[in-house]
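Written below as structure tokens is the structure these notes are about.
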Amino acid sequence: MRYPDDRPAVLTLTSGPVDAYPEVLRALARPVLYDFDPAFMAFYEAVARKAQRVMRTPAPPVILHGEPVLGLEAAAASLIGRGDVVLNLVSGVYGKGFGYWAARHAKRVLELEVPYNEAIDPQAVAEMLRRHPEVAVVSVCHHDTPSGTINPVEEIGRVVRDHGALLIVDAVSSFGGMPADPESARADLYVTGPNKCLGCPPALTLMAVSDRAWAKMKANPDAPRDSILSILDWEEAWRADRPFPFTPSVAEVNGLDAALDRHLAEGPEAVWARHTLTARATRAGIRAMGMRLWPAREEIAAPTTTAVACPEWMDEAAIRAEARARYGVVFSSGRGETLGRLTRIGHMGPTAHPIHALAALAAYGGAVNALGGRADVGAAIAAAMAVIDAG
Ligand SMILES: *Cc1c(COP(=O)(O)O)cnc(C)c1O
């Protein structure tokens, strides 16, 4: 049996965007209210307050109306002044990419870079800051998705706060899927979105902004205003009695509302636990199959993405194409430096249920075998089941 490319996949086990929750899909079909209809303005405030509960912040987060690349680019443009020295922490493609945005606005960007299967060491950050007291802004990616690795943002946040710099955290693919929030990371701009672990389509940014970050952005004459890149324009826009600077994505706000309700009803701890268990089962299966995980150490492997190293002699794109054609299962490739070197199995939102680990392992191992590799699929399923049943 073959699944033709022009038919939708049976299972989308990617590391984002992910399939949306059914509740979210239904909410996307709600009536599209006029944005200045008082009913919509009150609804928007309620959604912002719900997002505040989910993000555990003292004030509602800013909602920007574009997928989180908008938020990251806006963060660089708004917080980084032309006199600022920035320390960008790089453990993967997203961390590296943020440095290019930072360089457009900063006086200078310093980088602390580790191999893309490793994580940033907070001690090394402390050392770098001791040598460079002039650093005003530090940036870090929590889960560098194309590597499937997690950086210790809480420890990094402590080091950065002690130094007195402001911290920008890209938490797009970690927030919602693991214990992570702006306060515990001591983040000044904490950028995430509903299109990964919250199970929405890609369209919005959620950004928590500290008081220090508001002050710095307001004092930055180059921070965008009256612009699609502006954070400042949206400061009070969540309030029902304040106008929107421009039209919000009404349908996507409806979807976000349903995703937040779902997250709160299930309970964040329960959501995190099923992400963790799915990832643990997948990793156990990959090892039992005779394949290698990409992260250098299990402790830094993400609970929301499992990156599997591609065997030297195999064509990574062919493995994904085979998994789709044979089983209708879609995985993510690497990106940039990791492209061709690993395959990513996502555990995000609706796919972060342990049973999906079995489908992922069967499809991945089956594809490897079809291409002449030797993957022990039976051992993989048994190992994953053992983890699931004990969990
Ligand atoms: C998904 C993701 C983003 C959003 O960007 P896209 O590349 O457009 O998907 C930003 N940062 C991280 C770490 C992500 O995983």
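Counting starts at 1 for both ligands and their atoms, following the listed order. We use all heavy atoms of the structure for the numbers below, so side chains are in, but hydrogens, waters and symmetry mates are not.
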Q.
Within the 4.0 Å heavy-atom shell around S173, which atoms of ligand 1 are there?
A. 13 (C), 15 (O)
Q | Protein residue, atom and distance nearest to atom 7 (O) of ligand 1, heavy-atom basis | A | Y94 OH, 2.6 Å
(Q) Is the terminal nitrogen or CZ of R320 (NZ for Lys, CZ for Arg) located under 6.0 angstrom from the six-membered ring centre of F331 and within 45° of that ring's axis? (A) no
Q: State the atoms of ligand 1, each with its element, that fall below the 4.0 Å cut-off from a heavy-atom position in T145.
A: 12 (C), 13 (C), 14 (C), 15 (O)
Q) Under the ring-ring contact (aromatic ring centres under 6.0 Å, His included) criterion, do F244 and W238 qualify, and how do the steps go? A) CA-CA 8 Å; F244 296 113; W238 57 270; over 10 Å; no
**Q.** N/O donor-acceptor pair under 3.5 Å between R324 side chain and P4 backbone
**A.** yes
Q. Where on R335 is there a heavy atom closer than 4.0 Å to ligand 1, on the side chain, on the backbone, on both, or on neither?
A. side chain
Q) Just which atoms of ligand 1 are under 4.0 Å from any heavy atom in C141? A) 13 (C)
Q: Answer side chain, backbone, both or neither: which part of H143 comes under 4.0 Å from ligand 1, heavy atoms only.
A: backbone
Q: Could you grab the distance from atom CD1 of I168 to atom CE of M207, nearest 0.5 Å is fine?
A: 9.0 Å
Q.
Within the 4.0 Å heavy-atom shell around V69, which atoms of ligand 1 are there?
A. 5 (O), 6 (P), 8 (O)
Q: Provide the number and element of each atom of ligand 1 under 4.0 Å from a heavy atom of K196.
A: 1 (C), 2 (C), 3 (C), 9 (O), 14 (C), 15 (O)
Q: Give me the one residue out of M178, H275, H263 that meets side chain to side chain contact (heavy atoms under 4.5 Å, CB included) with C197.
A: H275
Q | Part of N195 within contact of ligand 1 (heavy atoms, under 4.0 Å) | A | neither
(Q) I need the atoms of ligand 1 closer than 4.0 Å to a non-hydrogen atom of E67, numbered in the order shown. (A) 4 (C), 5 (O), 6 (P), 8 (O), 9 (O)
**Q.** Electrostatic pair R274:E269 at N-O distance under 4.0 angstrom
**A.** no
Q: May I ask you to identify, for P17, whether its side chain, its backbone, both or neither come under 4.0 Å of ligand 1 on a heavy-atom basis?
A: neither
Q) Out of curiosity, is L72 lining ligand 1, as in a heavy atom under 4.0 Å away? A) yes
**Q.** D257 with R30: basic N within carboxylate O range, under 4.0 Å
**A.** yes
Q) Should the pair R158-E155 be classified as a salt bridge under the 4.0 Å nitrogen-to-oxygen rule? A) no
Q) How close does the nearest protein non-hydrogen atom get to atom 12 (C) of ligand 1, and which residue and atom is it? A) D170 OD2, 3.5 Å
**Q.** Short N-O contact, E45 and R239, less than 4.0 angstrom
**A.** no
